[in-house]
Engineer: 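Mind looking over this structure? Questions follow.
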Amino acid sequence: MAKKKITHELYSYGIYSHWERQSKALPKLLEITNNIKIQDDIEFGYVLKIKGAKGKKLEYKIEHPPFKNEHGQIEPAFKGEYFINSNDYEFFLGDTVWQPYQDKAGDWILSTWLDGELIAYKKLILYLD
C-alpha cells in the first residue's frame, strides 16, 4: 500500500484577532501584511495547513529583537514542539507584544519544522509610529 504524501501550505500571515491559546479555534485573519504597527493587543503570526501528518512532530521557533526578561537577561528565542493530532491540521504560530514596546520593534522571524524539515519561514517587521 502506498504511503500518503504529506502536504503543507503557509495559508495566511499577518495580523489576527485575539487568540485564546487554550481554545481549539484559530484566530481570524484581519490583514495579510509583513509590516505590523505595534499597538495594544496586536496578534501576529501565520497559519499553516498540513495534511497527512497525524502523529508527526512539529517544532517551532520565534526569533525576536533583543529584549530583557523580568530578571534583566536577554530573552532567548521562543521554541517549542507539538504533535499533530489529525490528518487535516491547522497550526497557528504567532505572538503579541507588551510594554515597553520600544524593545519589541524590529524583525520577528517565525519558523516551523516537520520531522526536522523546514516547512515554513516568515519574517514579520514590527514598527512604532
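Side-chain atoms are counted along with the backbone in the values below, which use heavy atoms only and exclude waters and symmetry mates.
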Engineer: Is the ring centre of Y60 less than 6.0 Å from the ring centre of W113?
Structural biologist: no
Engineer: Has the side chain of H64 got a donor or acceptor atom that lies under 3.5 Å from a matching backbone atom of G106?
Structural biologist: no
Engineer: Do you know the tightest heavy-atom contact between S12 and L29?
Structural biologist: CB-CD2, 3.8 Å
Engineer: Please report the shortest heavy-atom distance between G45 and L110, naming the atom on each side.
Structural biologist: CA-CD2, 3.7 Å
Engineer: Using only atom types and a distance under 3.5 Å, with no angle test, would you say the side chain of T112 pairs donor to acceptor with the backbone of I119?
Structural biologist: no
Engineer: I need the L126 CG to Q39 CD distance, nearest 0.5 Å.
Structural biologist: 10.0 Å
Engineer: Do Y89 and L48 come within less than 4.5 Å of each other through their side chains, counting heavy atoms only?
Structural biologist: no
Engineer: May I ask you to establish whether K104 and F67 are in a cation-pi arrangement, using a distance under 6.0 Å from NZ or CZ to the six-membered ring centre and at most 45° from the ring axis?
Structural biologist: yes
Engineer: Measure the NZ-CD distance between K51 and E90 for me, rounded to the nearest 0.5 Å.
Structural biologist: 8.5 Å
Engineer: Is the cationic atom of K122 (NZ for Lys, CZ for Arg) positioned less than 6.0 Å from the six-membered ring centroid of Y13 and within 45 degrees of its normal?
Structural biologist: yes
Engineer: Say whether I74 and Y101 are linked into one hydrophobic cluster, either directly or through other cluster members, by side-chain heavy-atom distances under 4.5 angstrom.
Structural biologist: no
Engineer: Could you tell me if the side chain of D103 sits less than 4.5 Å from the side chain of K68, heavy atoms only?
Structural biologist: no
Engineer: For Y11, which residues count as a side chain to side chain contact (heavy atoms under 4.5 Å, CB included) partner, sequence neighbours excluded?
Structural biologist: E9, V47, K49
Engineer: Is the backbone N or O of K54 less than 3.5 Å from a side-chain atom of N87, with the two atoms forming a donor-acceptor pair by type?
Structural biologist: yes
Engineer: Side-chain contact test, heavy atoms from C-beta onward, threshold under 4.5 Å: evaluate it for F83 versus L58 and give yes or no.
Structural biologist: no
Engineer: Tell me whether I42 shares a hydrophobic cluster with L128, the cluster being built from Ile, Leu, Val, Met, Phe, Trp, Tyr side chains joined at under 4.5 Å.
Structural biologist: yes
Engineer: Atom CG in N35, atom OH in Y127: separation rounded to 0.5 Å?
Structural biologist: 6.5 Å
Engineer: Should I125 and L93 be counted in the same cluster of Ile, Leu, Val, Met, Phe, Trp and Tyr side chains packed under 4.5 Å apart?
Structural biologist: no
Engineer: Looking at every non-hydrogen atom in both residues, tell me the closest pair between I6 and A53 and how far apart they are.
Structural biologist: CG2-CB, 3.9 Å
Engineer: Which residues pass the side chain to side chain contact (heavy atoms under 4.5 Å, CB included) test with I109, not counting sequence neighbours?
Structural biologist: E63, S111, Y121, K123
Engineer: Which pairs count as salt bridge (Lys or Arg N to Asp or Glu O under 4.0 Å) when at least one residue sits in residues 75-84, sequence neighbours excluded?
Structural biologist: K57-E81
Engineer: Picking from Y16, W19, W108, what satisfies ring pair (Phe, Tyr, Trp, His ring centres under 6.0 Å) with F44?
Structural biologist: W108
Engineer: Which pair of non-hydrogen atoms, one from P65 and one from A105, has the smallest distance, and what is that distance?
Structural biologist: CG-O, 3.3 Å
Engineer: Does the pair F92 and E43 meet the rule for a side-chain contact (heavy atoms from CB on, under 4.5 Å), with working shown?
Structural biologist: CA-CA 11 Å; F92 176 72; E43 189 87 38; 3.9 Å; yes
Engineer: In terms of hydrophobic clusters joined by side-chain contacts under 4.5 Å, are L10 and L118 together?
Structural biologist: no
Engineer: Would you find more than 12 non-hydrogen atoms of other residues, nucleotides or ligands less than 6.0 Å from D41 atom CG?
Structural biologist: no
